[in-house]
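Okay, structure first, notes after.
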Amino acid sequence: MAVSSPYKYIKIPAGARITVREDGTAETPDNPIIGFIEGDGIGPDIWKASQHVLDSAIKHCYGNKRSIAWMELYAGKKADEVCGNYFPHETLDAIREFIVAIKGPLTTPIGGGFRSLNVSMRQELDLFACVRPVQHFKGVPSPVKNPQHVDMVIFRENTEDVYSGMELQAGSEDAEVLRAFCMERFGWEIRPESGLGLKPTSEEGSKRLIRAAINHAIKENRKSVTLVHKGNIMKYTEGAFMKWGYQLVKEEFADVAVGWADCNGDPGDKILVKDTIADIFLQQILTRPMEFDVIATLNLNGDYISDALAAQVGGIGIAPGANINYETGLALFEATHGTAPKYAGLDKVNPSSLLLSGVMMLKHLGWVEAADVIVKALEKTYQEKKVTYDFARLMDDATELKCSAFAQGVVDNL
């Protein structure tokens with residue numbers, strides 16, 4: 001049953017609002033209202049499958065005591081059809097009001113058209129931390145010999161860097177004005193007809209991201225936090241990110257963490273905070289991934305790193321993600337892959353990325369039992385070789401299932 005709604009298109013179901021404690025964590029009622037965005041392309045298929053597993057796991061663990069009141073929000077193509085706008089403002093207002101939401105993939109044009117809806121949502125809601133846990137599940141095919149050694153959590157800064165959208169098109173009057181200013185003021189020689197972009201990197205933005213990464217390491221009993229950067233080249237942006245990270249350790253975490261240079265590589269019982277160059281890191285996650293634990297990095301690096309690590313454990317199709325503001329408590333969980341429009345409506349694609357993002361959401365809500373039972377059921381389903389086409393083609397003697405059938409297989413293994 002829907003209740004009275006201040007929104008034009010969004011219908012609020014009967015349920016209770018999540019609130020936020022002073023420490024930024026969620027205070028979850030037994031019937032929380034949680035927003036969902038189906039997404040474009042394969043979004044409706046993988047959302048339906050994921051919702052079925054999430055609801056089944058909650059009932060399996062808590063009976064009728066707990067349930068989620070799902071509230072549909074609109075963004076992307078469906079929003080354009082329903083609201084006449086790809087990015088209706090009431091969707092942002094509803095996420096702010098109800099605190100937690102989950103979304104499927106949204107269409108982003110390349111080289112033109114509207115800006116990325118994913119990036120816009122992160123920036124409009126100031127969801128400064130993109131959190132991507134990466135680990136291998138038994139039974140999942142991998143291109144590396146020992147994928148079980150990969151067990152990392154990536155904290156990617158979401159609001160700054162070159163993804164902030166501060167760009168000027170090549171040949172535009174504004175680009176030429178900026179190019180001329182840079183030449184006159186700084187002596188920078190930039191070729192005519194150049195596209196220009198800014199890479200803002202602030203102390204505040206860097207420290208709050210690194211703070212979240214260190215707090216996660218403390219909470220989850222992780223051993224190290226690695227600051228990944230390209231500070232050897234971009235000294236005043238990426239290099240500053242590294243320096244601010246080490247400053248933060250001394251200012252706020254000296255009792256529980258220590259920087260590499262301050263302990264000669266021997267942190268004792270404290271969390272070790274270290275750093276590495278981004279290109280070297282991409283090599284080392286292949287050669288010695290067991291040396292890395294929690295990763296804190298800037299926006300563009302985080303995008304590359306997240307996908308590279310996902311490939312080592314089975315692909316982006318099983319990579320979960322969340323966008324979180326640890327100060328306000330707002331959290332938006334999401335599938336980390338694209339919309340795969342050629343498979344739209346075919347009930348074909350692996351729903352694991354969105355489902356595992358739902359697992360992250362359940363942990364965020366404090367419903368750890370339901371989260372854990374889904375992971376165990378997923379792993380059992382993978383080991384039974386009852387998988388969607390992406391894994392079936394990489395396995396011997398696999399049973400290829402449709403998206404919905406795979407979800408039912410996971411439910412059967414709860």
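When reading the values below, keep in mind they use all heavy atoms of this one structure, side chains included, and skip hydrogens, waters and symmetry mates.
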All heavy atoms of P44 vs all of G41, minimum pair found to be CD-O, 3.4 Å
**Prompt:** Is it true that a side-chain atom of K235 and a backbone atom of N232 form a donor plus acceptor pair closer than 3.5 Å?
**Reply:** yes
Residues at least two apart in sequence or cross-chain that pass side chain to side chain contact (heavy atoms under 4.5 Å, CB included) with R191, listed by chain then number, are S194
Applying side chain to side chain contact (heavy atoms under 4.5 Å, CB included) to I218 and not counting sequence neighbours gives I214, N215, F253, V256, I271
The reported gap from NZ in K223 to CG in D293 (rounded to nearest 0.5 angstrom) is 8.0 Å
In this structure, CG of L196 is separated from CG of D174 (nearest 0.5 Å) by 10.0 Å
Applied to residues 309-359, the ring pair (Phe, Tyr, Trp, His ring centres under 6.0 Å) test, sequence neighbours excluded, yields F333-H364, Y343-Y389
**OP:** Fit a plane to each ring of F155 and H216, take the angle between them on a 0 to 90° scale, and name the class: parallel (under 30°), tilted (30 to 60°) or perpendicular (over 60°).
**Re:** tilted
- Query: Do the side chains of N323 and C130 get nearer than 4.5 Å, heavy atoms only?
  - Reply: yes
Nearest heavy-atom approach of I374 to L362 is CD1-CD1, 3.8 Å
For the pair E379 and K376, find out whether any cationic side-chain nitrogen is under 4.0 Å from an anionic carboxylate oxygen. no
Query raised in the report: Is a side-chain donor or acceptor of T388 paired with a backbone partner of V349 at a separation under 3.5 angstrom?
Result: no
In short, T336 meets I316 closest at the heavy-atom pair O-CD1, 3.4 Å
Residue set satisfying side chain to side chain contact (heavy atoms under 4.5 Å, CB included) with V411, at least two apart, ordered chain then number -> H52, V53, S56, Q408, L414
query = Is there side-chain contact between R208 and D126, with heavy atoms separated by less than 4.5 Å?
reply = yes
Exercise. Hey, are E252 and K207 close enough for a salt bridge, meaning a charged N less than 4.0 Å from a carboxylate O?
Worked result: no
I'd like to know if the side chain of R179 reaches the main chain of I190, judged simply by a donor and an acceptor atom lying under 3.5 Å from each other, with no hydrogens or angles considered. yes
Taken in chain and number order and not counting sequence neighbours, the residues that satisfy ring-ring contact (aromatic ring centres under 6.0 Å, His included) with F292 are F281
Distance col, row F36:CZ vs M71:CE, nearest 0.5 angstrom, shows 9.5 Å
- prompt: Can you check whether R156's main-chain N or O pairs, donor with acceptor, with T297's side chain at less than 3.5 Å?
  reply: no
Below 4.5 Å, heavy atoms only, C-beta onward: do L92 and L125 meet side chain to side chain?
yes
Those residues at least two apart in sequence (or on a different chain) that pass side chain to side chain donor-acceptor pair (under 3.5 Å) with Q51 are W47
#### Entry: K274 side chain reached by L227 side chain, heavy atoms, under 4.5 Å
no
Using a 3.5 Å distance criterion without hydrogens, assess whether the side chain of N325 forms a donor-acceptor pair with backbone atoms of L330. no
Crowded around K385 NZ? As in, over 12 foreign heavy atoms under 6.0 Å?
yes
Review point. E334 versus M121: any side-chain heavy-atom pair under 4.5 Å?
Key: no
T201 side-chain N/O to D161 backbone N/O, donor-acceptor pair under 3.5 Å: no
Taking OH in Y62 as the centre, count heavy atoms belonging to other residues, nucleotides or ligands within less than 6.0 Å. Is the count above 12?
yes
Less than 3.5 Å apart, which donor and acceptor atoms pair up between the side chains of residues 282-290 and the rest of the protein, not counting sequence neighbours?
residue, atom, partner, partner atom, Å
T287, OG1, Q283, O, 3.4
R288, NE, E291, OE1, 3.0
R288, NE, E291, OE2, 3.3

Atom pairs and distances, donor-acceptor, side-chain atoms in residues 237-245, under 3.5 Å, two or more places apart:
residue, atom, partner, partner atom, Å
E238, OE1, K230, N, 2.7
E238, OE1, N301, ND2, 2.9
E238, OE2, K199, NZ, 2.9

Residues at least two apart in sequence or cross-chain that pass side chain to side chain donor-acceptor pair (under 3.5 Å) with S206, listed by chain then number, are none
Check your understanding: Does some side-chain heavy atom of W260 sit less than 4.5 Å from a side-chain heavy atom of L272?
Key -> yes
Between the CH2 atom in W188 and the CG atom in L178, the distance rounded to the nearest 0.5 Å is 8.5 Å
Heavy-atom nearest pair, I33 first then P13, reads CD1-O, 3.5 Å
Residues passing the side chain to side chain donor-acceptor pair (under 3.5 Å) test with D23, sequence neighbours excluded, are T25
CD (E157) and CG (L209) are apart, to the nearest 0.5 Å, by 5.5 Å
- Distance-only side-chain donor-acceptor flag, Y246 / D275, under 3.5 Å: yes
Contacts of Y7 meeting side chain to side chain contact (heavy atoms under 4.5 Å, CB included) (sequence neighbours excluded), chain-then-number -> S5, I10, I12, E90, D93, A94, E97, F98
Check: Can you tell me if CG on N64 sees more than 12 non-hydrogen neighbours from other groups inside 6.0 Å?
Finding: no
message: Donor-acceptor pair, distance only, cut-off 3.5 Å: does the side chain of N299 make one with the backbone of N158?
response: yes
inquiry  = Treating T276 as the side-chain partner and V228 as the backbone partner, does any N or O pair qualify as donor plus acceptor under 3.5 Å?
reply    = no
Please say whether more than 12 non-hydrogen atoms of neighbouring residues, nucleotides or ligands are located less than 6.0 Å from CD in Q169.
-> no
Taking only distance into account, with no hydrogens and no angle test, what donor-acceptor pairs under 3.5 Å do side-chain atoms of residues 400-407 form with protein atoms, sequence neighbours excluded?
residue, atom, partner, partner atom, Å
S404, OG, D347, OD1, 3.4
S404, OG, D347, OD2, 2.7

State whether E220 and K363 are salt-bridged, where the test is any N-O pair (Lys NZ or Arg NE/NH1/NH2 against Asp/Glu carboxylate O) under 4.0 Å. no
For A212 and F128, the nearest pair of non-hydrogen atoms, with its separation, is CB-CE1, 4.4 Å
task = Mind running side-chain contact (heavy atoms from CB on, under 4.5 Å) on L355 and L54 for me, showing each step along the way?
result = CA-CA 8 Å; L355 177 56; L54 293 169; 4.2 Å; yes
Check your understanding: Would you say the side chain of L354 lies within less than 4.5 Å of the side chain of I102, judging by non-hydrogen atoms?
Key -> yes
#### Entry: Intermediate values then yes/no, side-chain hydrogen bond (donor to acceptor under 3.5 Å, both in side chains), N350 and S352
CA-CA 6 Å; N350 191 340; S352 295; 2.6 Å; yes
Would you call I68 and M361 a side-chain contact if the rule is heavy atoms closer than 4.5 Å? yes
R132 side chain vs P320 backbone, donor-acceptor pair below 3.5 Å
yes
Checklist entry - Passes salt bridge (charged side-chain N to carboxylate O under 4.0 Å, His left out), R21 versus E27? Steps please. => result CA-CA 6 Å; R21 302 183 184 97; E27 181 76 43; 2.8 Å; yes
Heavy-atom closest pair (Y86 atom, A79 atom, distance to 0.1 Å) is O-CB, 3.8 Å
| Okay, side chain of T339, backbone of D40: is any donor-acceptor separation there less than 3.5 Å? | no
